Number of protein chains: 2
Amino acid sequence: MKPIDPIEVFKALSNEARLQILDWLKDPKAHFGPQGGVDLIEVGVCVSQITSKLNMTQSTTSQYLSVLQRAGLVHATRLGKWTYYRRDEEAIKEIASYIQHDL
Amino acid sequence: MKPIDPIEVFKALSNEARLQILDWLKDPKAHFGPQGGVDLIEVGVCVSQITSKLNMTQSTTSQYLSVLQRAGLVHATRLGKWTYYRRDEEAIKEIASYIQHDL
DNA sequence: TTGACATATCGCAAAACGTCGATATAATGG
DNA sequence: CCATTATATCGACGTTTTGCGATATGTCAA
């Protein structure tokens, strides 16, 4: 696991839409309908579902998810033609810990 | 005390120089020489001293300190012709707490 | 009051970011 | 193979950020 880059993390968090996505992903069942046989919790939510809720284009949504991923905040799993994103709770804990001790 | 605006805070933290300043201010005695009869810990460090250590102009330093202040991360005290900045540890704790519980 | 110093603010140019539409790539089903 | 669907990437363009120099403001000392 790549070490945390605080600047990259803070930049990723400096945007309303991206914070919104992270928040929705805290409880996917509460915010997204079920998608086929895929476990929302284990695997995540696909880009189209997130796009539907954000008021933005698929292009923007996909880019924002990449930003979150590069910052280490979410994890992506490709299954067939879908890419499922879920929070990386481990990494998020690390970040919270960094902030608490080093900020 | 004005409530925290996470986006403003994250933006303020999305910059190497500003993180550096916050880090120096964690232990002013370790990073700055004494300044007159002023208690570095209680009152803070003046803009010129911070400017000397940052590799940037007085103008930039002053602006960055304003950004940190608007985000609630530091507190400014004007004494004579100097403005002393110190970390607002209370606010920083609040932010760390926000991140830990709401991120 | 004037001069000198510390800080703040203004206006700029370059870089980065936000967001989109268009297009490319990947995967599936016929 | 082809059409379709999901996602990723590219190019564009307006907005924001970065960092600077120049200048304004505040404060003290003479």
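Note that these values count all heavy atoms, side chains included, but never hydrogens, waters or copies made by symmetry. The structure displayed is predicted, hence computed values, not measured ones. The sequence lines fix the lettering, A, B, ..., with proteins before strands; numbering per chain opens at 1.
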- prompt: So, is A:Tyr84 near the phosphate of D:dT7, with a side-chain N or O under 4.0 Å from OP1 or OP2?
  reply: no
- prompt: To the nearest Å, how far apart are A:Glu16 CD and C:dT19 P?
  reply: 10 Å
statement: A:Ile21 CD1 to D:dT7 P, in whole Å, measures 13 Å
N/O donor-acceptor pair, side chain B:Gln58 with base C:dA8, under 3.5 angstrom: yes
- request: Supply the atom-to-atom distance A:Leu65 CG to A:Ile21 CD1, rounded to the nearest 0.5 angstrom.
  value: 4.5 Å
- request: Answer yes or no: side-chain N or O of B:Thr57 and base N or O of D:dG19 forming a donor-acceptor pair under 3.5 Å.
  value: no
- request: Report the distance from atom CE of A:Met56 to atom P of C:dG21, rounded to the nearest whole Å.
  value: 12 Å
Between C:dC17 (P) and B:Phe10 (CZ): distance, integer Å: 17 Å
task: Using atom types as modelled and distance alone, determine if a side-chain donor or acceptor of A:Arg86 lies under 3.5 Å from a backbone N or O of A:Glu42.
output: yes
- prompt: Parallel, tilted or perpendicular: which fits the ring planes of A:Trp24 and A:Phe32, with parallel below 30° and perpendicular above 60°?
  reply: perpendicular
message: Is the phosphate of D:dA6 approached by A:Arg78 (side-chain N or O, under 4.0 Å from OP1 or OP2)?
response: no
- prompt: Taking CG from A:Leu19 and C1' from C:dG18, how many angstroms apart are they, rounded to a whole number?
  reply: 15 Å
query: In terms of ring plane angle, is the pair A:Tyr98 and A:Phe10 parallel, tilted or perpendicular, where the classes change at 30° and 60°?
result: tilted
- prompt: What's the closest nucleotide to the B:Arg18 side chain, out of D:dT18, C:dT9, C:dA16?
  reply: D:dT18
message: Is the phosphate of C:dG18 approached by A:Asn15 (side-chain N or O, under 4.0 Å from OP1 or OP2)?
response: yes
message: Pairing donors with acceptors under 3.5 angstrom, does anything connect the side chains of B:Thr57 and B:Thr60?
response: yes
Separation of atom CG in B:Leu65 from atom P in C:dA8, rounded to whole Å: 7 Å
field: Side chain of A:Ser66 - closest among C:dC5, D:dT9, C:dG11
entry: D:dT9
query: Between C:dA16 atom P and A:Glu8 atom CD, what is the distance in whole Å?
result: 14 Å
- prompt: Counting side-chain heavy atoms from CB outward, which of D:dT9, D:dA8, D:dA6 is closest to A:Gln63?
  reply: D:dT9
statement: Of C:dT7, C:dA8, C:dT19, the nucleotide closest to the side chain of B:Tyr85 is C:dA8
query: How do A:Lys81 and B:Lys81 order along DNA chain C: which one's closest nucleotide is nearer the 5' end?
result: B:Lys81
message: Quiz question: going by heavy-atom distance under 3.5 Å, is there a donor-acceptor pair between the base of C:dG18 and the side chain of A:Thr60?
response: no
- request: Can you check whether any acceptor in the base of C:dT9 is under 3.5 Å from a donor in the side chain of B:Ser59, or vice versa?
  value: yes
task: To the nearest Å, give me how far apart CH2 (B:Trp82) and C1' (C:dC5) are.
output: 8 Å
message: Below the 4.0 Å mark, does D:dG19 have OP1 or OP2 next to a side-chain nitrogen or oxygen of B:Asn55?
response: no
- prompt: Contact class for A:Thr83 vs. all strands (heavy atom < 4.0 Å): base, sugar-phosphate, or nothing?
  reply: sugar-phosphate
CA sep, side-chain torsions, deciding dist, call: B:Thr61, B:Ile50, side-chain contact (heavy atoms from CB on, under 4.5 Å): CA-CA 7 Å; B:Thr61 305; B:Ile50 298 172; 3.8 Å; yes
